[in-house]
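The first residue of the sequence shown is numbered 1, and numbering continues consecutively from there.
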Amino acid sequence: MLHNAGLAVTLRKLLERQKLHFVFQPIVDIARSTVLGYEALMRGPAGTPLERPDDLLRVAKHCGLACELEIAACKGAIREFAALQLPGKLFLNLSAPLIAAFGREGGGELLRCAVDAGLSPARLILELTEHERVEDTAALQTAFANLAGQGVGLALDDFGDGRSSLRLWAQLKPQMVKLDKFFVRGIHRDSRNVEVVRAILNLCAAFGTPLVAEGVEEAEELAVLRDLGCHFGQGYLFGRPAARPEADFGEAARAVLRSSKIAVLPNSAPRPDMAETVGRLKVPAPTIAASACNEDLMQLFTDHPALQAVAVVDRHYPVGLVNRRNFVDKFAQRYSREIYGRRPCTLFMNPTPLRVEASAPIDSLIAVLTGDDQRYLYEGFILTEDGRYAGLATGESLVRAVTERRIEAARHANPLTFLPGNIPITEHIRRLLDAGVGFAAAYFDLNNFKPYNDLYGYWRGDEMIKLAAQLIVANVDPSQDFVGHVGGDDFVVLFQSEDWHLRCERIVHSFNRRARELFDDSELARNGFESEDRRGFKAFFPLTTIAAGVVQVSDGRFLGPEEVASAAAAAKKAAKQSGSGIKVAGGERAPVLMMAAG
């Protein structure tokens with residue numbers, strides 16, 4: 001490795017002899033399935049310490065050649081792009097100072113180089129990099145306006161990488177914004193990134209700025225970006241940087257864009273409601289000063305018969321809580337008034353009541369419900385704002401609120417299998433209907449599950465449900481088939497796979513075989529078991545199996561998710577009644593794989 005002085009000399013020679021070379025990566029219009037243009041990426045001589053662009057930039061900054069390197073890179077990229085006769089626009093990375101300098105010159109040598117190479121300035125897009133160095137925003141705004149007047153486009157690069165600025169976006173009004181690859185990679189598995197991209201696309205709509213998603217490497221990522229409405233994409237899936245790139249982009253990406261199937265979005269937790277704080281449980285209630293006596297406290301309870309507890313405060317800060325029943329019972333005893341009447345009310349208070357800031361999320365109090373100190377259930381608890389008394393809340397209201405939140409969460413994701421619940425199922429059906437794509441809605445249910453659960457108990461019953469979930473998930477294509485857990489032993493699969501029928505058969509076959517492992521040998525020997533029926537009488541039941549009702553959806557047959565769900569539920573009921581594993585609504589009964597005894 002050459003020392004810094006040697007590298008500086010090498011870099012100067014590279015620039016003088018124009019020995020930089022370039023690779024180009026396609027940027028694709030997702031809606032039109034066409035190439036918008038190519039980003040130019042510089043490289044040094046192969047096999048040398050200056051081959052990588054990061055090393056070139058580091059050495060250039062160290063020896064004061066950063067500006068010369070950028071200018072040389074822009075000119076070289078323009079000449080090579082023009083020589084290759086590539087279609088579309090050319091994207092060039094530039095720092096803020098250089099863009100400002102080109103803007104002051106009305107394009108200057110940058111535009112002269114483009115014209116000399118036979119390239120229209122309207123085909124140039126300058127990407128602003130190194131956002132943290134934008135010190136003179138006004139000068140950059142002027143430069144952007146001057147260059148735009150010459151037809152040159154401008155883009156904000158790596159938005160969301162921690163250096164980019166929403167304010168810069170608003171001030172500079174770029175023609176395009178490039179989203180940092182951090183939010184793109186694995187977006188099909190991360191609901192948070194889905195929400196981030198949604199939010200940024202909303203900003204794009206507000207500012208009138210198209211979005212380029214960088215770092216697209218997987219077909220599933222592209223499918224999600226397409227369905228979210230992302231405008232352009234760049235990444236290895238479309239094409240790797242190449243010295244002589246194809247005029248088109250990768251077939252894997254093209255297949256995604258040709259497909260009418262919608263992506264299966266990752267399941268998201270219920271959106272946090274800013275109103276769902278402990279403060280909504282607040283009941284305005286009078287307080288009593290720590291200096292007051294028990295006679296005053298008794299009078300306060302007498303004046304407010306509905307008051308179950310009173311907070312004791314000292315200069316607006318709560319120091320304790322007095323429960324009405326406990327206090328009145330003690331104060332009503334013989335001679336208590338005479339003995340304790342003039343003594344401080346702090347004598348009978350709970351000095352360590354539950355205190356909660358009103359701004360705290362209700363979910364944060366779940367641990368309180370399982371704690372050892374349960375006094376808040378009958379005496380309530382104190383709400384504060386910045387530590388000051390704000391009001392009281394009852395234990396009953398807390399239990400109810402937390403329960404409602406847990407129920408709401410379960411509608412988004414089943415707590416046993418962690419599969420999407422009713423709300424995501426409904427949303428996905430609506431997306432399928434809105435897209436007008438055909439799909440098969442399969443409703444899976446276990447036969448004789450309740451008597452099995454009654455016989456073996458909830459733990460083994462949960463194992464049976466988890467087995468069903470595991471086998472269903474294992475036999476679908478997660479990129480296009482949506483699996484949801486309605487609750488209990490009911491599952492819904494929304495198939496876009498053409499071989500959905502075969503997949504259903506595999507699920508039935510594998511479950512009916514594997515479920516036998518959850519029975520004792522005595523039940524297996526009889527190929528059934530005894531348990532209580534719905535009337536409470538002992539009855540003999542066949543071993544637990546799985547049934548599926550399937551409804552095929554196409555051609556506007558259903559108007560909404562509720563109709564689809566109802567039709568699938570009806571098909572499932574028919575499948576259970578017929579004793580078959582699969583029942584396809586509106587057609588001939590499908591062949592079924594049933595597990596033989598033994």
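- The closest side-chain heavy-atom distance from L228 to L201 is below 4.5 Å.
- Scanning all heavy atoms of the two residues, the minimum distance from K89 to F81 falls at O-CZ, 3.9 Å.
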For T129 and L94: C-alpha separation, side-chain torsions, deciding distance, then whether side-chain contact (heavy atoms from CB on, under 4.5 Å) applies.
CA-CA 6 Å; T129 59; L94 287 173; 5.8 Å; no

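- The heavy-atom pair separating A252 from L237 by the smallest distance is CB-CD1, 3.9 Å.
- The local environment of CZ in R258 is crowded, with over 12 non-hydrogen atoms from other residues, nucleotides or ligands closer than 6.0 Å.
- Side-chain polar atoms of S479 and E220 form no donor-acceptor pair below 3.5 angstrom.
- Interatomic distance, NE2 of H485 versus OG1 of T417, reported as 5.0 Å (0.5 Å rounding).
- Here the straight-line distance linking atom CD of E563 with atom CG of L433 works out to 9.0 Å at 0.5 Å rounding.
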Run the side-chain contact (heavy atoms from CB on, under 4.5 Å) check on R189 and E218 step by step: do they pass?
CA-CA 12 Å; R189 295 186 294 267; E218 299 183 43; 3.9 Å; yes

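- Environment of CD in Q85: sparse, with no more than 12 heavy atoms of neighbouring residues, nucleotides or ligands closer than 6.0 Å.
- In this structure, the side chain of T277 does not engage the main chain of P361 through any donor-acceptor pair within 3.5 Å.
- Nearest heavy-atom pair, A77 versus L92, reported as atom, atom and distance to 0.1 Å: CB-CD2, 3.6 Å.
- Put simply, the side chain of H231 gets close to the backbone of L211: a donor and an acceptor are under 3.5 Å apart.
- When each of L265, V224, V264 is tested with H188 by the rule side chain to side chain contact (heavy atoms under 4.5 Å, CB included), just one qualifies, namely V224.
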Step-by-step salt bridge (charged side-chain N to carboxylate O under 4.0 Å, His left out) determination, D55 to R58
CA-CA 5 Å; D55 295 324; R58 177 179 54 80; 3.6 Å; yes

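- Counting only distance, with no hydrogens or angles, the side chain of Q25 and the backbone of R240 share no donor-acceptor pair below 3.5 Å.
- D499 has a carboxylate O that lies under 4.0 Å from a charged side-chain N of R503, or vice versa, which qualifies the two as a salt bridge.
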Full working for side-chain contact (heavy atoms from CB on, under 4.5 Å) between I262 and Q496
CA-CA 8 Å; I262 70 167; Q496 291 183 88; 3.8 Å; yes

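- In this structure the side chain of L15 reaches within 4.5 angstrom of the side chain of L20, judged on heavy atoms.
- The CZ atom of F232 sits 4.5 Å away from atom CG of D29, with the distance rounded to the nearest 0.5 Å.
- Checking side-chain atoms of T209 against main-chain N and O of A205 turns up no donor-acceptor pair under 3.5 Å.
- E70 and S95 are linked by a side-chain donor-acceptor pair at a separation below 3.5 angstrom, with hydrogens and angles left out of the test.
- Side-chain atoms of Q470 do not come within 3.5 Å of backbone N or O of K466 as any donor-acceptor pair.
- In terms of modelled atom types and a separation under 3.5 Å, the side chain of S259 and the main chain of A255 share no donor-acceptor contact.
- Residues F444 and V492 are not in side-chain contact: their nearest non-hydrogen atoms beyond the backbone lie 4.5 Å or more apart.
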Side-chain donor-acceptor pairs under 3.5 Å in residues 35-48, sequence neighbours left out?
unit_1	atom_1	unit_2	atom_2	d
Y38	OH	E246	O	2.8
E39	OE1	K178	NZ	3.0
E39	OE1	Q234	NE2	2.7
E39	OE2	N93	ND2	2.8
T48	OG1	P45	O	2.8
T48	OG1	L50	N	3.3

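- Between E195 and R198 there is a salt bridge, since a side-chain N of the basic residue sits under 4.0 Å from a carboxylate O of the acidic one.
- Side-chain atoms of R557 come within 3.5 Å of backbone N or O of Q552 as a donor-acceptor pair.
- Scored by the side-chain contact (heavy atoms from CB on, under 4.5 Å) test, A567 finds V551, F558 as partners (sequence neighbours excluded).
- Inter-residue side-chain proximity for L110 and C74 is flagged as met; some heavy-atom pair is nearer than 4.5 Å.
- Of the residues F482, F439, F495, the one that meets the ring-ring contact (aromatic ring centres under 6.0 Å, His included) test with H428 is F482.
- One finds the CG atom of D157 at 10.5 Å from the CZ atom of F91 (value rounded to the nearest 0.5 Å).
- Contact check for L84 versus P245: side-chain heavy atoms found under the 4.5 Å cut-off.
- Here the closest heavy-atom approach between residue F22 and residue G76 is recorded as CE1-C, 3.3 Å.
- Sparse packing is recorded around CG of D386, with 12 or fewer heavy atoms of other residues, nucleotides or ligands lying under 6.0 Å away.
- The salt bridge (Lys or Arg N to Asp or Glu O under 4.0 Å) check on E498 picks up K261, with sequence neighbours excluded.
- Q171 places no side-chain N or O within donor-acceptor distance of the main-chain N or O of Q141, the cut-off being under 3.5 Å.
- Between R185 and D190 there is no salt bridge, since no side-chain N of the basic residue sits under 4.0 Å from a carboxylate O of the acidic one.
- A pairwise comparison of heavy atoms in S33 and L257 identifies OG-CB, 3.4 Å as the closest pair.
- Atom CD1 of I78 sits about 5.0 Å away from atom CG of L124, to the nearest 0.5 Å.
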Kindly indicate, with the supporting measurements, whether the criterion side-chain contact (heavy atoms from CB on, under 4.5 Å) is fulfilled by F249 and R254.
CA-CA 7 Å; F249 58 94; R254 188 169 292 281; 3.0 Å; yes

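- Scanning both residues, L11 and C63, for their nearest heavy atoms gives CD2-SG, 4.3 Å.
- Surrounding CD of E385 are at most 12 heavy atoms belonging to other residues, nucleotides or ligands under 6.0 Å away.
- A side-chain donor-acceptor contact under 3.5 Å links E221 to the backbone of G186.
- Taking the side chain as every heavy atom from C-beta outward, V486 and F491 never approach each other to under 4.5 Å.
- Here E109 pairs with K75 under the salt bridge (Lys or Arg N to Asp or Glu O under 4.0 Å) rule; sequence neighbours left out.
- The salt bridge (Lys or Arg N to Asp or Glu O under 4.0 Å) check on D54 picks up R52, with sequence neighbours excluded.
- The salt bridge (Lys or Arg N to Asp or Glu O under 4.0 Å) test applied to R79 returns no partner, not counting sequence neighbours.
- Two residues are said to be in side-chain contact when any heavy atoms from C-beta on lie closer than 4.5 Å; L128 and L168 meet this criterion.
- Separating the CZ atom in F207 from the CG atom in L156 is a distance of 10.5 Å, to the nearest 0.5 Å.
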Start with the C-alpha gap between K181 and D158, add the side-chain angles, then the distance that decides, and say whether salt bridge (charged side-chain N to carboxylate O under 4.0 Å, His left out) holds.
CA-CA 8 Å; K181 58 190 176 186; D158 295 329; over 6 Å; no

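- For the pair L222 and I30, the minimum side-chain heavy-atom distance is below 4.5 Å.
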